[in-house]
Amino acid sequence: MSAQSYRDARGRPLVAVTGLGVVSSLGQGQAETWAAMTEGRSGIHAIARFPTEGLRTRIAGTVDFLDTEPLVAPLLSERFAAVAAEEAIAQAGIGTAGDFPGALFIAVPPVEMEWPQRQALAEAAGGDGPVDYAGLLRAAATRRFDAWHDLFIFGTVADRIAERFGTKGSPISLSTACSSGATAIQLGVEAIRRGEATAALCIGTDGSVNPESLIRFSLLSALSTRNDDPEAASKPFSKDRDGFVMGEGAAALVLEDAASARARGAKILGYVLGCGEKGDGFHRTRSSPDGAPIIAAIRASLGDAGLEPDGIDTVNAHGTSTPENDKMEALGLGAVFGDRAAALPVTSNKSMIGHTLTAAGAIEAAVSLMTIRHGRIPPTLNHRVPDPTIALDIVETARDLPVRTVLSNSFGFGGQNTCLVFGAEPA
């Protein structure tokens, strides 16, 4: 390619992906996760990490082969992120150990002290009496809890990952609900397009399956309660879907200015061709009934990529398995793709790994790029009872097709809608 070829139709630098790293309940690394997904295996199971008696939902896609001490969301999220980043950076072959030549954009779950830590602090503060503010101050003054102060600060995971890998500039922590992982990628793309960086490490990570998060989502009636058959609980776009299943994991993408990547001889795995986002202020958890923000986000990503709807080969859906989300996503796809929506292959990775929340957009981005690389679309498990109101081509078994472009959707609570378009080559 000539130097001019490394810019898109708007004259912006093309953004290439040169490294991927994945951690999921299906395994550690791209190879394990991809093999399990394309074989149609599920990583959803009964929770063994903590007692679940009395909980309405007792299943999740937890990552049980990696742990921390204590077993809390910030430390788990940090460990998942580090494992994924190591794989991505190694594949990219960029920089040297501890000296990544670019910025860090990392999506992390909202953090707060978890129940065991709260109990310990309350016991130290109250003794035999009630817990009050003065008692909490006395407990804090003992300095026994200094490490927890650092651990439960929102930016701690980003600071530690930045220090470990030597990223440049201030690390950016972000949380845009279920679209967070996609937002981290979008921020990296925008930084490269603006010329602020030639490389970016973009990560989505989440290790927040704990009793409190399960209870909170249950209070929203958002979770599946099919505890007796965990592998069949997540069934996106099915008529009998009853809620999502929580999952854990992380994905890391190394993004580069395509010209810089080629100049150093890097292998390009694909391109981030377009990003689109649109806020929805209708409700804290529900989408606007007309689907306008979802439709706008999809169209914005296509417009940013310089593609018409016919230019998309397959959709990696948000596909949570909740009655509301799947209905609204189908409405949005139908509005954008018209009659072609019924023949456009659509798949949901959440049927196998659950909803990895903050990490979902990044993990699904990595799967989208592997779909392009291998020419195989992973299946949507448990689509045995199709919803007659959803006129989409749901991929039920792995499907081999030449795939040049993928639309990856991420729609979060609070009206956070982010869509990404990935391509095998520049549009």
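Residues in residues 193-214 take part in no ring pair (Phe, Tyr, Trp, His ring centres under 6.0 Å) pair, two or more places apart or across chains. Residue pairs meeting the salt bridge (charged side-chain N to carboxylate O under 4.0 Å, His left out) criterion with at least one member in residues 357-366, sequence neighbours excluded: K350-E364. Sorted by first and then second residue, the side-chain hydrogen bond (donor to acceptor under 3.5 Å, both in side chains) pairs with a member in residues 66-79 read E78-R160; sequence neighbours excluded. The ring pair (Phe, Tyr, Trp, His ring centres under 6.0 Å) analysis of residues 205-255, with sequence neighbours excluded, yields the pairs F217-F244, F244-H355. Residue pairs meeting the ring pair (Phe, Tyr, Trp, His ring centres under 6.0 Å) criterion with at least one member in residues 131-151, sequence neighbours excluded: F145-W148. Pairs engaging residues 17-74 under the ring pair (Phe, Tyr, Trp, His ring centres under 6.0 Å) rule: W34-H374 [sequence neighbours left out]. Note on residues 291-305: pairs passing salt bridge (charged side-chain N to carboxylate O under 4.0 Å, His left out), not counting sequence neighbours, are R10-D304, R12-D304, R193-D304.
A donor and an acceptor atom, one from each side chain of D159 and T156, are nowhere located under 3.5 Å apart. Between S224 and D242, the side chains place a donor N or O and an acceptor N or O closer than 3.5 Å (distance only, hydrogens not considered). Side chains of T33 and S24: a donor-acceptor N/O pair is present below 3.5 angstrom, by distance only. For the residue pair T347 and T380, a side-chain donor N or O sits within less than 3.5 Å of a side-chain acceptor on the partner. Residues S408 and N316 have side chains that never bring a donor and an acceptor to within less than 3.5 angstrom of each other. When only modelled atom types and interatomic distance are considered, S180 and T183 share no side-chain donor-acceptor pair under 3.5 Å. Side chains of E277 and N417: no donor on one and acceptor on the other come within 3.5 Å. Under 3.5 Å, the side chains of E396 and H383 contain a donor-acceptor pair of N or O atoms.
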Can E256 and T18 be said to form a side-chain hydrogen bond (donor to acceptor under 3.5 Å, both in side chains), step by step?
CA-CA 7 Å; E256 293 189 62; T18 56; 2.7 Å; yes

L76 vs R49, side-chain contact (heavy atoms from CB on, under 4.5 Å): CA-CA, chis, key distance, verdict
CA-CA 12 Å; L76 279 172; R49 179 180 298 166; 3.6 Å; yes

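Between the side chain of N349 and the main chain of I363, no donor-acceptor pair closer than 3.5 Å is present. Distance alone, capped at 3.5 Å, places no donor-acceptor pair between the R376 side chain and the R399 backbone. Checking side-chain atoms of D206 against main-chain N and O of T358 turns up a donor-acceptor pair under 3.5 Å. Between the side chain of E32 and the backbone N or O of Q28, at least one donor-acceptor pair lies under 3.5 Å. Although no hydrogens or angles enter the test, the distance criterion places a donor-acceptor pair under 3.5 Å between the side chain of N382 and the main chain of S234. Looking only at distances, no side-chain donor or acceptor of S301 sits under 3.5 Å from a matching main-chain atom of C275. In terms of modelled atom types and a separation under 3.5 Å, the side chain of T322 and the main chain of N325 share a donor-acceptor contact.
Counting all heavy atoms, side chain and backbone alike, L269 lies closest to L369 at O-CD2, 4.3 Å. In plain terms, the two heavy atoms of S351 and I44 that are nearest each other are O-CD1, 4.1 Å. Between A360 and C178 the shortest heavy-atom distance is CB-O, 4.3 Å. The two residues S410 and A182 make their nearest non-hydrogen contact at OG-CB, 3.7 Å.
Between L187 and C202 there is no side-chain heavy-atom pair separated by less than 4.5 Å. Between L71 and L75 the shortest side-chain heavy-atom distance does not fall below 4.5 Å. Contact annotation: the side chain of T356 never approaches that of E248 to less than 4.5 Å [non-hydrogen atoms, C-beta and beyond]. Contact annotation: the side chain of Y271 never approaches that of V17 to less than 4.5 Å [non-hydrogen atoms, C-beta and beyond]. No side-chain heavy atom of V245 sits under 4.5 Å from any side-chain heavy atom of L223. In this structure, the side chains of T57 and N227 come closer than 4.5 Å at one or more pairs of heavy atoms. V406 has its side chain out of reach of D313: every pair of non-hydrogen atoms, C-beta onward, lies at least 4.5 Å apart. By the 4.5 Å heavy-atom criterion applied to side chains, D240 and R226 are counted as neighbours.
Note: R262 CZ to I268 CD1 = 4.0 Å, rounded to the nearest 0.5 Å. Atom CG of L26 is separated from atom CE of M37 by 5.5 Å, given to the nearest 0.5 angstrom. With rounding to the nearest 0.5 angstrom, the CD atom of E231 is 4.5 Å from the OG atom of S42. For the atom pair OG of S179 and NZ of K278, the computed distance is 14.5 Å after rounding to the nearest 0.5 Å. To the nearest 0.5 Å, atoms CG (N409) and NE2 (H318) are separated by 9.0 Å.
With sequence neighbours excluded, no residue forms a ring pair (Phe, Tyr, Trp, His ring centres under 6.0 Å) with F80. Judged as a salt bridge (Lys or Arg N to Asp or Glu O under 4.0 Å), and not counting sequence neighbours, the contacts of R216 are E112, E212. Residues meeting the side chain to side chain donor-acceptor pair (under 3.5 Å) test with T142, sequence neighbours left out: none. The salt bridge (Lys or Arg N to Asp or Glu O under 4.0 Å) test applied to D326 returns R241, not counting sequence neighbours.
Heavy-atom contacts from other residues, nucleotides or ligands closer than 6.0 Å to CZ of R143 number 12 or fewer. No more than 12 heavy atoms of other residues, nucleotides or ligands lie within 6.0 Å of CD in E163, so this atom counts as exposed by the packing criterion. With a 6.0 Å radius and a threshold of 12 heavy atoms from other residues, nucleotides or ligands, D146 has its CG atom above the threshold.
Results of the side-chain contact (heavy atoms from CB on, under 4.5 Å) test with L407 over V336, V346, L273, L333 single out L333 as the only residue that passes.
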When the side chains of residues 90-106 are checked against the rest of the protein, which donor-acceptor pairs come out under 3.5 Å, sequence neighbours left out?
unit_1: Q91; atom_1: OE1; unit_2: L20; atom_2: N; d: 2.9
unit_1: Q91; atom_1: OE1; unit_2: Q30; atom_2: NE2; d: 2.8
unit_1: D99; atom_1: OD1; unit_2: K168; atom_2: NZ; d: 2.6

